[in-house]
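Step one of this worksheet: look at the structure below.
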Amino acid sequence: STHSQRLSVTTALVTDNRWECVEVMVAAARAGRSFLPLDFRLDDAAAARLLRHSGARAVVAGSSHRDQAARLAEAGTPAEHWIHLDGGGPGGLDYAGLMSQDIGTALPSVPDDAGFCILYTSGTTGVPKGVFFTHQQTMDNAMAVLVEYGIGPGSRYLVSYPHNSAGSVNHVIGPVLMAGGTLIVEDVRSFDADRYFATVERYRVTHSQLVPTMVFRLLATTTDRDLSSLVTVGYASAPIPAPRVKEMIDRFGPLFVQGYGMTETCSLATVLGKADHDVAGTGREGQLASCGRATYGVEVAVVGEDDQPVPPGALGEVIMRGRWLFQAYWDDPELTAATNRGGWLHSGDVGYLDPEGYLYLVDRKKDLLIIGGANIASKEIEDVLYEISGVLEAAVIGVPDQEWGERPHAVLVPAPGHDLDTAAVHAHCQGRLPTIKRPAQVTILTAMPKTSTGKISKPELRRLLG
């Protein structure tokens, strides 16, 4: 992997979601260049930092980022070529003009272990890290996705994640292209349930991948659109409380597949398939709170502080290994060694395995609350908050407390057309949680701060409420 990095030449892309993102990705792959899609929400300083870190030689920019590209061109990055998707960029090359030219030479033969992409993490845990994948890793991962999500030539997949995320590049775009399916690329700057339903009806969408906040907005919105084309709806990025999963199935039918992974797993590590969701009346409803079992080609274990496996049901850190899991962060050997200890990817997630191998996530290690010396999972409190009628989104962070060390601070966003009362929230928690886990403070917001992939950003919440 280090050898592949050393030989890699990188092409970056900075734009909103649009179909040309797919074209640029494929062109970079065919030309033997590593593809670096940048988060469209990055400010100039952050974008320049990633261009320097990755060593990108060429940058492709859309009209949405034309002004930013002009500023970045003066920011002292290694980029030598600036290509504008819509033309008209200062001092740059016109994308359409380049596409119309005969390159006059045969494309290179690209080995399977050559660099395919560098994906920078969305940053819920701090400074983004460049995760490097080869063509072989991406293809291996895609085979698992094709099987687990039932993707084939007739599939019509709606791209609802930002184009720069593993949830798009490795989880949707790559597999669908390999299967010969169709991609419908949407603007994702602000997810709207009515627009989603209209798009599904218009394009007869069969597959879709959503984050929990998107699913909650669908549940809060009524529609008379024809959604009968939908075959599979994946959800990922954060756990959904089991009662909400049951509500999803009751509303939309047995369409759902949950995938657990992270940028470092290429996309997929465990899967809770459609059959796993079909547990009504079986006494296995608690299974809906899990994120499934390891997909083929991946091993999952839960270990203690000594990196030794813990018994089923015991909490520990989730670790994984498999052919397509990342081997290295871009130009960061120390962080690579710390994360890939003993050949296992250490996720930073806390969870447990049941006797049948189903994985249950409890929290990020960094998000555990330490109250009176005890580790308390924020998810346990969040699940209780989601029981309250009118709650669209809930998050719990720790705030300093002289007596207890930390106390829970609940942050809520009301569903459209609902008002939330802090006294009612406290009363609900009093009946459902022991004193140590009850929120000491409750804050109502109109919107949660999010990462580019739609996950609630707890670091940003701490800054906002600190």
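Judged purely by distance below 3.5 Å, without hydrogens or angles, the side chains of Y260 and D349 pair a donor atom with an acceptor atom. A side-chain donor from one of Y196 and S208 sits under 3.5 Å from a side-chain acceptor of the other. Of the N and O atoms on the side chains of K129 and T339, not one donor lies less than 3.5 Å from an acceptor on the other residue. Side-chain polar atoms of S378 and D367 form no donor-acceptor pair below 3.5 angstrom. Under the 3.5 Å distance criterion, with hydrogens and angles disregarded, no donor-acceptor pair is assigned to the side chains of D332 and H53. Side-chain atoms of S389 and H418 include no donor-acceptor pair closer than 3.5 Å. Looking only at atom types and distance, the side chain of K455 has no donor-acceptor partner in the side chain of T213 under 3.5 Å away. The closest side-chain donor-acceptor pair between Y329 and E264 falls under 3.5 angstrom. With 3.5 Å as the limit, one finds a donor-acceptor pair spanning the side chains of D86 and S63. Side-chain atoms of Q68 and D44 form a donor-acceptor pair, as typed in the model, at a separation below 3.5 Å. Side-chain atoms of E387 and H428 include a donor-acceptor pair closer than 3.5 Å.
One finds the CD1 atom of I173 at 7.0 Å from the SG atom of C21 (value rounded to the nearest 0.5 Å). Taking OG of S267 as the start and CG of N141 as the end, the distance is 3.5 Å to the nearest 0.5 Å. Put simply, CG on L369 and NE2 on H409 are 12.0 Å apart, with the number rounded to the nearest 0.5 Å. Atoms CE and CE, from M178 and M143 in turn, are 5.5 Å apart once rounded to the nearest 0.5 Å. In this structure, CE on M214 lies 9.5 Å from CD on Q209, to the nearest 0.5 angstrom. Here the CE atom belonging to M448 is positioned 8.5 Å from the CG atom belonging to L392, to the nearest 0.5 angstrom.
Between F256 and Y235, the angle of the ring planes goes over 60°, which puts this pair in the perpendicular group of the 30/60° scheme.
Under a 3.5 Å cut-off, the side chain of D226 and the backbone N or O of S228 do form a donor-acceptor pair. Counting only distance, with no hydrogens or angles, the side chain of R341 and the backbone of A338 share a donor-acceptor pair below 3.5 Å. Although no hydrogens or angles enter the test, the distance criterion places a donor-acceptor pair under 3.5 Å between the side chain of S168 and the main chain of P162. For E23 (side chain) and W19 (main-chain N/O), no donor-acceptor pair under 3.5 Å exists by modelled atom type. H65 places a side-chain N or O within 3.5 Å of a backbone atom of F40 that can act as its donor or acceptor partner. Of the possible polar contacts, one joining the R438 side chain to the L433 backbone as a donor-acceptor pair under 3.5 Å is found. A donor-acceptor contact shorter than 3.5 Å links the side chain of S347 to the backbone of V318. Distance alone, capped at 3.5 Å, places no donor-acceptor pair between the K366 side chain and the G348 backbone. Remark: the backbone N or O of Y161 is paired with a side-chain donor or acceptor of N17 at under 3.5 angstrom. Checking side-chain atoms of N340 against main-chain N and O of G343 turns up no donor-acceptor pair under 3.5 Å.
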field: Derivation and outcome, salt bridge (charged side-chain N to carboxylate O under 4.0 Å, His left out), residues E460 and R463
entry: CA-CA 5 Å; E460 190 60 34; R463 283 191 288 271; 2.8 Å; yes
task: Show your working on salt bridge (charged side-chain N to carboxylate O under 4.0 Å, His left out) between D278 and K274 and close with a plain yes or no.
output: CA-CA 7 Å; D278 187 19; K274 292 177 186 175; over 6 Å; no
message: I'd like to know whether E186 forms a salt bridge (charged side-chain N to carboxylate O under 4.0 Å, His left out) with R195, so could you lay out the CA-CA distance, the side-chain angles of the two residues, the decisive distance to 0.1 Å, and finally the verdict.
response: CA-CA 10 Å; E186 271 240 305; R195 189 178 73 227; 3.6 Å; yes
field: CA sep, side-chain torsions, deciding dist, call: T15, E20, side chain to side chain donor-acceptor pair (under 3.5 Å)
entry: CA-CA 10 Å; T15 186; E20 289 92 343; over 6 Å; no
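The environment of CD1 in I370 is sparse: at most 12 heavy-atom neighbours from other residues, nucleotides or ligands sit within 6.0 Å. Within a 6.0 Å radius of NZ in K246, no more than 12 heavy atoms belonging to other residues, nucleotides or ligands are found. For D250, the CG atom is densely surrounded, since the number of other residues' heavy atoms within 6.0 Å is greater than 12. Surrounding CZ of R189 are more than 12 heavy atoms belonging to other residues, nucleotides or ligands, all under 6.0 Å away.
Geometrically, R244 does not engage Y386 in a cation-pi contact, judged by NZ or CZ lying under 6.0 Å from the ring centre and within 45° of the ring axis.
The two residues V362 and K379 have their closest heavy-atom pair at O-CB, 3.2 Å. Shortest non-hydrogen contact noted between L288 and D276 is CD2-O, 4.2 Å.
Here F133 and F326 keep their ring centres 6.0 angstrom or further from each other. Between H171 and Y149, a ring centre-to-centre spacing shorter than 6.0 Å is recorded.
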